[in-house]
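Here the structure is laid out as structure tokens; the discussion comes afterwards.
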Amino acid sequence: MKKEKGQFFNDVYEVTKLIPFGRVTSYGAIANYLGAKGNARMVGWALNGAGKYPEVPAHRVVNSQGILSGRHYFGPGDEMKEQLEAEGLMVKDDKIIDFKKHFWDPSTELP
DNA sequence: CTTTTGACGGGGG
DNA sequence: TCCCCCGCCAAAA
């Protein structure tokens with residue numbers, strides 16, 4: 001196996017990969033699950049490197065507002081938005097509609 | 001080695 | 001309600 005740059009990165013990748021189809025979560029929720037509550041910025045930073053991992057559906061991770069904070073990092077266009085809509089999610093103005101309904105909390109869903 | 005950034009979150013004015 | 005600032009911690013330059 002390749003040597004991971006950081007345990008946090010790897011951890012964020014795994015949690016993100018566990019997000020079910022048609023569900024979304026927030027950076028803070030993942031950070032909370034990692035026990036690093038408060039440093040949600042680190043989650044976003046970690047996902048920055050996840051862009052090279054197609055197995056990591058980072059498009060399902062948004063901020064607490066349900067806004068596609070880093071859609072610009074996914075692709076040159078609205079690739080992130082397309083992905084979410086393809087999963088049955090409604091995105092309006094880069095914001096997930098009924099975000100709370102589709103919200104998936106790892107600390108609650110995962111054992 | 002030090003300094004700055006960073007896809008956030010929450011609080012205060 | 002909108003705007004600004006602080007904090008947390010790790011990685012990259």
Side-chain angles (χ1 to χ4, degrees):
Chain A
M1 291 299 278
K2 297 188 306 179
K3 180 185 291 183
E4 304 298 337
K5 292 183 178 179
Q7 184 59 53
F8 281 90
F9 275 52
N10 185 35
D11 198 11
V12 172
Y13 299 155
E14 290 189 63
V15 176
T16 304
K17 288 191 293 186
L18 291 173
I19 302 175
F21 184 89
R23 292 294 175 101
V24 277
T25 190
S26 63
Y27 304 98
I30 296 175
N32 183 23
Y33 177 72
L34 299 180
K37 54 185 177 181
N39 80 336
R41 342 173 53 141
M42 195 67 274
V43 178
W45 188 261
L47 288 177
N48 186 8
K52 55 191 285 194
Y53 297 92
E55 298 301 303
V56 181
H59 60 271
R60 293 178 185 158
V61 185
V62 293
N63 64 3
S64 61
Q65 302 172 72
I67 300 174
L68 287 56
S69 312
R71 63 181 177 84
H72 188 72
Y73 284 74
F74 275 80
D78 296 313
E79 190 174 315
M80 186 174 183
K81 179 180 177 182
E82 298 286 306
Q83 296 263 29
L84 291 170
E85 292 185 308
E87 300 195 3
L89 293 169
M90 294 176 288
V91 180
K92 185 68 174 182
D93 188 56
D94 297 320
K95 182 173 122 280
I96 299 175
I97 300 177
D98 295 318
F99 166 66
K100 186 162 55 180
K101 282 173 62 176
H102 298 288
F103 185 75
W104 179 82
D105 189 338
S107 300
T108 303
E109 303 300 313
L110 293 177

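Here is the naming used below: chain letters follow the sequence lines, and residue numbers restart at 1 for every chain. Atoms considered below: every heavy atom in the structure, side chains included; atoms not considered: hydrogens, waters and symmetry mates.
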A:Ala31 and A:Ala40: which non-hydrogen atoms are nearest, and at how many Å?
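Minimum heavy-atom separation between A:Ala31 and A:Ala40: CB-CA, 3.9 Å.
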Side chains of [X] and [Y], heavy atoms from C-beta outward: is any pair under 4.5 Å?
| X | Y | answer |
| --- | --- | --- |
| A:Val61 | A:Ile19 | yes |
| A:Val62 | A:Ile67 | no |
| A:Phe21 | A:Pro57 | no |

Show every donor-acceptor pair shorter than 3.5 Å between a side-chain atom in residues 74-101 of chain A and any protein atom, with sequence neighbours excluded, or say none if there are none.
| unit_1 | atom_1 | unit_2 | atom_2 | d |
| --- | --- | --- | --- | --- |
| A:Asp78 | OD1 | A:Arg71 | NH1 | 3.2 |
| A:Glu87 | OE1 | A:Gly22 | N | 3.1 |
| A:Glu87 | OE1 | A:Arg60 | NE | 2.8 |
| A:Glu87 | OE1 | A:Arg60 | NH2 | 3.4 |
| A:Glu87 | OE2 | A:His59 | NE2 | 3.0 |
| A:Glu87 | OE2 | A:Arg60 | NE | 3.0 |
| A:Glu87 | OE2 | A:Arg60 | NH2 | 2.9 |
| A:Asp94 | OD1 | A:Arg71 | NE | 3.3 |
| A:Asp94 | OD2 | A:Arg71 | NE | 3.0 |

Residue pairs involving residues 9-25 of chain A (criterion salt bridge (Lys or Arg N to Asp or Glu O under 4.0 Å); sequence neighbours excluded):
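Applying salt bridge (Lys or Arg N to Asp or Glu O under 4.0 Å) to every pair that reaches into residues 9-25 of chain A, excluding sequence neighbours, yields nothing.
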Give the dot-bracket line for DNA chain C from 5' end to 3' end: parentheses for intra-strand Watson-Crick or G-U pairs under 3.5 Å, square brackets for crossings, | for inter-strand pairing, dots for unpaired.
.||||||.|||||
Determine, stepwise, if the pair A:Trp45 / A:Phe8 fulfils side-chain contact (heavy atoms from CB on, under 4.5 Å).
CA-CA 10 Å; A:Trp45 188 261; A:Phe8 281 90; over 6 Å; no
For residues 102-111 of chain A, tabulate all N or O donor-acceptor pairs below 3.5 Å that involve a side-chain atom, not counting sequence neighbours.
| unit_1 | atom_1 | unit_2 | atom_2 | d |
| --- | --- | --- | --- | --- |
| A:Asp105 | OD1 | A:Ser107 | N | 2.9 |

Residues touching DNA chain B, which here means a heavy atom under 4.0 Å, drawn from residues 98-109 of chain A:
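Close to the strand, none.
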Between C:dC8 (P) and A:Asn32 (CG): distance, integer Å
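Interatomic distance, CG of A:Asn32 to P of C:dC8: 16 Å.
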Give the rounded distance in Å between these two atoms: CZ of A:Phe8 and C1' of C:dC8.
11 Å
Spell out, yes or no, whether A:Val24 and A:Ile30 are grouped together once hydrophobic residues are joined by side-chain heavy atoms under 4.5 Å, including indirect joins.
no
Are A:Leu68 and A:Tyr73 joined in one hydrophobic group, where the rule is that I, L, V, M, F, W and Y side chains link up if heavy atoms are under 4.5 Å apart?
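They do not share one cluster, since no chain of ILVMFWY contacts under 4.5 Å joins A:Leu68 to A:Tyr73.
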For nucleotides 6-13 of chain B, just jot down a letter per nucleotide in 5' to 3' order: B, S or -, based on protein non-hydrogen atoms under 4.0 Å.
BBBS----
